[in-house]
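Worksheet for the structure shown next.
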Amino acid sequence: MIEQLNPYQSQAVTHEDGHALILAGAGSGKTRVLTTRIVWLIQQKLISPHAILAVTFTNKAAREMKSRIAAMLPINVGGMWVGTFHGLCNRLLRAHYRDANLPQTFQILDNTDQLAAIKRILKAGNFDESKFPPRDVLRFIASRKEEGLRPDAVQAQDPYSLRMVEIYRLYEAQCQREGVVDFAELLLRCLELLERNPVISQHYQQRFQHILVDEFQDTNRLQYRWLQCLAGPRSFMFAVGDDDQSIYAFRGARVGNMVDFERDYAKGHVIRLEQNYRSYGHILNAANALIANNTERLGKNLWTEQGEGEQIRVMELASDHEEAQWVVDEVRALIRDGMSRSDIAILYRSNAQSRVLEHALFTSGIPYRVYGGLRFFERQEIKHALAYLRLTASLDDDNSFLRVVNFPARGIGARTLENLTDQARTYSTPLAQAVARVAGKAGSSLVQFCGLIQRLTEASRTLPLSELVDEMIEVSGLRAYYQTQRDGSERLENLEELVTAAKVFEIEQSFSGLPAGLTPRQINQNSPDPFEQAPAIGQADGVDEALSPLVAFLAHASLESGDAQADDGTQAVQLMTVHSAKGLEFDAVFLTGLEDGLFPHENSIHERDGLQEERRLMYVAMTRARERLYMTLAQSRMLHGQVRYSRASRFVEEVPPEHLKWLSARAADNVWLDLAPMSTATSGRRSSSGAGFSQGPGATTTMARGVEVGGVQYRAGLQVSHPRFGEGTVLTVSGAGLDAQAQINFADVGVKTLALGIAKLTVLS
DNA sequence: ATTGTGCTCTCTATT
DNA sequence: AGAGCACAAT
């Protein structure tokens, strides 16, 4: 295994004397080094798998690492401490919930939940929402927590900040009362647990002899302190990172942690991995040239032994729809040439851009898979269902109570809820315990609602998880509600999918070496480790302490917002944001929407640091490609319901021209026709004529050839007419005989691919 | 008092 | 596109 590594990689893998910092460029085999090192530690250094802690940022990365280790070693990786910061903190807090001052069933708020909680605070305290926008409050609280500051520790002088701190304090109290934590709280609470309980932290310090951190450049202050807490005097830290790929400053990431880490721990043990095994020369050098525009880099020079490869193909199109169609046509050509669908990725800066691309892929019948965006566990029907389940697990969860008390509608309106809230506040009880005090018709509806939840709570003690979920969907009325809704069928399917997800979770739990029901046997008693001997759920000796499958499932839903959802095994083109593409690689990458204002995003253009972060993001995007990289841009784009016109991204200009191959005319000398009709096009669907659809001089090879079918010579540019689609222009032709196909841009219906042997076409010109 | 409808406003990225 | 709000209809 080590023989296949280059000298620097193997130096990193077998590093022995203390801590180390690995500066690993894009595509330099970073994950390979991490996993190989873990295997090496276990196999060669005879370190127990339990003595290793490996931290990543995304669940995807954690899964990847586990599966690679599992492939190399015959051990149960499920029991290893490999996970995301948030996931591992969750694990620790569940185990030591008493010391962390949390109920064992504490729930995790995602962004939307957190926002709802903040809105409740603002409403209850009569804060002016226009002066204190919930989003700003959320950012304020999150960034304070990421600095490790509780309300008392925040320095505030001006009236505005003082009010913010007040809201922060109220928010904390509310969360504590209701037994919920947000993402930042998971980390902060866990850190405080370790800092305040020497017995606990010493236990873990002795246990974790090796701590490995992936994507170290993305750690924030809190995470750094968390690592410092877990690393004991005899632990070795192994941090892998690339300052050029730091793209999470917006959530507190601090590249400076790398410098600090070298000063505090690595002390000169810095290993650079600069050989890139992923991309061909043009792609790599283009990315190198781009990132060279950033200042304050630690400095790295990536090189490759692979040849130059192909230039980056750049295409400018008139509109976002044409961009999408062009990308789809090109994707089809790649697939036809034998590329696997899952080796093709379409990337964009923001999730909103995926719609148009999805539409084009869908109409072309190309299987695709979208990552991120509105994820499974974030859909409204799923959130409703989860709220019922959360209430089932804990009646104190007022957030969830308010979400579903009147959904589906059961005659409990705003007025009633105001009464209820008043009662709950007066007697300082959770909402559910105040229902008895509300009289009247709505009051009895409230009592009924609570009865419903109580029945579910009872059912949760006996029913398996998936049956409980199914039962909940039924008795809550959610199923009936979505059955009556016009567009409810997809939501119904999602609810059924939730039952399946619960079933899968049950099964995984029963196989996993790491049961959800960990119990924190007293650490200072002779049991050396609470986790190694934790009983499986339902085993006699931990029943009262064990975490119920329901609570474990709810935590799972919050922490993994659903990117692992049904990978049904079909080969599909991958659609995702640049952020979620980090760490992945593909044969062909389409980088779309390269327009100033979109990428770089307009919110970051005016700050220097913002622009540098955007440039790193661009660098990440480009270095995802192995063989072929496309960059596309649209002159006009539907954004926020309005057509916007943009220029090419400055990042395209920053790439030396020798690496680029323009398929459209070069942006600067391109004259575009017919922009006006597009902006007025009422449906906003497609440009009204083919005039804007320029294929430019050097487009794909399939276009040049002609095809002869039934005595007619088809070639690009030919004007044809179709009985149903109307008039159009032939864009590309391919295949021969019965397989001959043409892509035709119809004035009325856009681009269609037709089989020439079947379609009834009339030649016009 | 509650529910449904139509209008405005916002909208970067992730755990 | 989705959420929040005002208004009308029950």
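Below, all heavy atoms of this structure are taken into account, side chains as well, without hydrogens, waters or symmetry copies. Order of the sequence lines sets the chain letters (A, B, ...), proteins ahead of strands, with each chain counted from 1.
Of the two residues near DNA chain B, A:Glu614 and A:Asn111, the one whose nearest nucleotide lies more 5' is A:Glu614.
Note: CG (A:Leu584) to P (B:dT14) measures 12 Å, nearest angstrom. Atom NZ in A:Lys383 sits about 15 Å away from atom C1' in C:dG2, given to the nearest Å. Taking atom CD of A:Glu490 as the reference point, atom C1' of C:dA1 lies 14 Å away to the nearest angstrom. Distance CG (A:Leu122) to P (C:dG4): 13 Å, rounded to an integer number of Å. Atoms CG (A:Leu420) and P (B:dT2) sit 12 Å apart, rounded to a whole Å. Look at CZ on A:Arg379: it is 13 Å from P on C:dA3, rounded to the nearest Å. Atom CD in A:Gln380 sits about 11 Å away from atom P in C:dG4, given to the nearest Å. Rounded to an integer number of Å, the gap from CD of A:Gln114 to C1' of B:dT15 is 11 Å.
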Watson-Crick and G-U pairing of DNA chain B written in dot-bracket, each distance under 3.5 angstrom, with | for inter-strand partners: ||||||||||.....
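Within the 4.0 angstrom heavy-atom criterion, only backbone atoms of the sugar-phosphate kind lie near A:Phe57; the bases stay farther away. Backbone-only engagement by A:Tyr248 is indicated by non-hydrogen atom pairs under 4.0 Å involving sugar-phosphate atoms exclusively. Among the heavy atoms of the strands, none lies under 4.0 Å from A:Ala184.
Side chain of A:Arg415, nearest nucleotide from B:dT14, B:dT15, B:dA1: B:dA1. When distances run from any side-chain atom of A:Lys119 to the nucleotides B:dT15, C:dG4, C:dA1, the shortest one goes to C:dG4.
Ring planes of A:His556 and A:Phe553: parallel class, angle under 30° (limits at 30 and 60°).
Surrounding CZ of A:Arg647 are at most 12 heavy atoms belonging to other residues, nucleotides or ligands under 6.0 Å away. Within a 6.0 Å sphere centred on CZ of A:Arg410, heavy atoms belonging to other residues, nucleotides or ligands number more than 12.
Because its NZ or CZ atom is both nearer than 6.0 Å to the ring centre of A:Tyr371 and within 45° of the ring axis, A:Arg369 counts as a cation-pi partner of that residue. For the pair A:Arg144 and A:Phe140, the cation-pi criterion (under 6.0 Å, within 45° of the ring axis) is fulfilled.
Side-chain polar atoms of A:Asp242 and A:Tyr619 form no donor-acceptor pair below 3.5 angstrom. Counted by atom type alone, A:Arg403 and A:Asn399 present zero donor-acceptor pairs between their side chains at under 3.5 Å. No hydrogens or angles considered: nothing links the side chains of A:Glu418 and A:Thr421 as a donor-acceptor pair under 3.5 Å.
The pair A:Arg150-A:Glu185 counts as a salt bridge, with a side-chain nitrogen and a carboxylate oxygen less than 4.0 angstrom apart. A salt bridge links A:Asp110 with A:Lys383: the distance from a Lys NZ or Arg NE/NH1/NH2 to an Asp or Glu carboxylate oxygen falls below 4.0 Å.
Between A:Ser350 and B:dC11 there is no side-chain N or O to OP1 or OP2 distance below 4.0 Å. Applying the 4.0 Å criterion to OP1 and OP2 of B:dA13, one finds that A:Asn351 has a side-chain N or O inside that range. Contact annotation: A:Arg251 does not reach the phosphate of B:dT14 (side-chain N/O to OP1 or OP2, under 4.0 Å). Phosphate contact (OP1/OP2 of B:dT2, side-chain N/O of A:Thr416, threshold under 4.0 Å): present.
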For nucleotides 3-10 of chain B, tabulate all protein N/O to nucleotide N/O atom pairs closer than 3.5 Å, reporting atom names and distance.
from: B:dT3; atom 1: OP1; to: A:Gly411; atom 2: N; distance (Å): 2.8
from: B:dT3; atom 1: OP2; to: A:Asn406; atom 2: ND2; distance (Å): 2.9

